[in-house]
Amino acid sequence: DIQMTQSPSSLSASVGDRVTITCRASQSISSYLNWYQQKPGEAPKFLIHGASSLQTGVPSRFSGSGSGTDFTLTINGLQPEDFAIYYCQQSYSTPLTFGGGTKVEIK
Amino acid sequence: QITLKESGPTLVKPTQTLTLTCTFSGFSLSTSGVSVDWIRQPPGKALEWLALIYWDDDKRYSPSLKSSLTITKDTSKNQVVLTMTNMDPVDTATYYCAHREYHRGDHRYNWFDPWGQGTLVTVSS
């Protein structure tokens, strides 16, 4: 199985801040990496595919980068609606696996 | 517009079998490259992928739960059913089904979108 490790597990930030979340795969997954956002009581929402391609409708303040084993999700100019938990997920092989999540909290 | 909705019991007893149904619309599970997956999330914990069924009836399971899971589809009813045997309190979670399909002709280029609203299943005597 491919293990996905996210860091940090939580962070505190203010509106307007730049936030970076890291996701590391236990083996190379090329660019087969997706990101999701989950708010309390809601199902996850798909944000980014292929490590760096924004899903239609996702604000441009979100960006993704990386390939191989190391990936990042960046939010430039954090907005109140961005406070949530973010998960990475590899689609390289089954079993499909998720990172442990990063909770973005209000400072 | 693709939608999915999970249904099933909210409470099961330990050792019982859980049967969950995912009813979907807006796509066909007979279309090449499409799958429906089940994912769960214990309260306050991370997401865990459980199983998938492809358009061609190929099935994959989480290795750690393979012995207790069965996934089936009824294409005519637009439903996917997941059964999990020998339920335990640690299986208490919100269970989601999600749509997934290949893109760009690449079987690895896929993602979960959209998801159902989820259904909370509590395992307790």
Side-chain angles (χ1 to χ4, degrees), chain A residues 1-10 21 23 25 27-58 64 67-68 71 73 84-103, chain B residues 1-6 22 24 33-54 58-67 69 71 93-120:
Chain A
D1 300 7
I2 299 174
Q3 309 302 318
M4 306 300 293
T5 304
Q6 283 183 239
S7 61
S9 57
S10 66
I21 298 168
C23 177
Q27 67 182 73
S28 177
I29 58 171
S30 184
S31 295
Y32 297 107
L33 190 283
N34 305 313
W35 289 98
Y36 302 84
Q37 174 194 66
Q38 187 178 34
K39 297 181 180 179
E42 298 182 4
K45 173 189 171 185
F46 172 56
L47 294 180
I48 289 173
H49 59 89
S52 61
S53 298
L54 260 62
Q55 170 69 337
T56 302
V58 174
S67 67
F71 303 87
L73 172 68
I85 301 175
Y86 294 86
Y87 293 95
C88 61
Q89 174 251 326
Q90 63 83 15
S91 61
Y92 184 83
S93 65
T94 55
L96 304 172
T97 47
F98 293 87
T102 297
K103 186 174 185 179
Chain B
Q1 179 191 6
I2 292 174
T3 64
L4 306 97
K5 187 173 183 179
E6 307 85 354
C22 176
F24 58 86
V34 173
S35 72
V36 171
D37 295 52
W38 284 93
I39 302 118
R40 72 178 179 180
Q41 185 174 38
K45 296 188 176 182
L47 300 162
E48 178 185 18
W49 176 81
L50 299 177
L52 70 83
I53 188 164
Y54 284 115
D58 187 16
K59 303 163 188 177
R60 306 289 169 87
Y61 297 99
S62 167
S64 63
L65 294 167
K66 186 175 183 178
S67 63
L69 295 175
I71 191 169
T94 297
Y95 288 76
Y96 297 98
C97 60
H99 164 270
R100 197 163 59 90
E101 67 179 281
Y102 300 165
H103 294 267
R104 302 179 185 174
D106 182 348
H107 74 282
R108 291 187 164 122
Y109 198 54
N110 60 76
W111 46 86
F112 301 112
D113 184 52
W115 298 56
Q117 63 187 26
T119 184
L120 176 61

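Quick caveat, the model's predicted, so the values are computed rather than measured. Note on naming: letters A, B, ... go to the chains in the order of the sequence lines (proteins, then strands), and numbering restarts at 1 for each one.
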Sort and list the pairs that fulfil salt bridge (Lys or Arg N to Asp or Glu O under 4.0 Å) and have at least one residue in residues 91-103 of chain A, not counting sequence neighbours.
A:Lys103-A:Glu105

Measure distances from B:Ile39 to the heavy atoms of chain A and classify the residue's part below 4.5 Å as side chain, backbone, both or neither.
side chain

Using non-hydrogen atoms only, which part of B:Leu52 is less than 4.5 Å away from chain A: side chain, backbone, both, or neither?
side chain

Show the nearest heavy-atom pair for residues B:Arg108 and A:Tyr32, with the distance to one decimal.
O-CD2, 3.2 Å

Which pair of heavy atoms, one from A:Tyr87 and one from B:Gln41, lies closest together, and at what distance?
OH-NE2, 3.1 Å

Could you grab the distance from atom CH2 of B:Trp111 to atom CD of A:Gln55, nearest 0.5 Å is fine?
7.0 Å

Would you give the length of the straight line joining atom CD of A:Glu42 to atom OG1 of B:Thr94, rounded to the nearest 0.5 angstrom?
12.5 Å

A:Ser9 portion near chain B, given a 4.5 angstrom heavy-atom threshold
neither

Kindly indicate whether the side chain of A:Gln38, heavy atoms from C-beta on, has any atom under 4.5 Å from the side chain of B:Trp115.
no

Please identify, among A:Ser30, A:Pro40, A:Pro44, the residue contributing the most non-hydrogen atom pairs under 4.5 Å to chain B.
A:Pro44

Could you tell me whether a side-chain N or O of A:Ser91 sits under 3.5 Å from a main-chain N or O of B:Tyr109, the two making a donor and an acceptor?
no

Do A:Tyr36 side-chain atoms and B:Phe112 backbone N/O form a donor-acceptor pair below 3.5 Å?
yes

Residues that A:Lys39 engages under salt bridge (charged side-chain N to carboxylate O under 4.0 Å, His left out), provided they are two or more places apart:
none

Chain B-proximal positions within residues 92-102 of chain A [heavy-atom distance under 4.5 Å]:
A:Tyr92, A:Thr94, A:Pro95, A:Leu96, A:Phe98, A:Gly99, A:Gly100

Go through the structure and list residues passing side-chain hydrogen bond (donor to acceptor under 3.5 Å, both in side chains) with B:Ser64, not counting sequence neighbours.
B:Ser62

Out of B:Pro114, B:Pro63, B:Gly116, B:Ala98, return the one with the most heavy atom pairs under 4.5 angstrom to chain A.
B:Pro63

Select, from B:Leu47, B:Leu120, B:Leu50, the one with the greatest count of heavy-atom pairs under 4.5 Å involving chain A.
B:Leu47

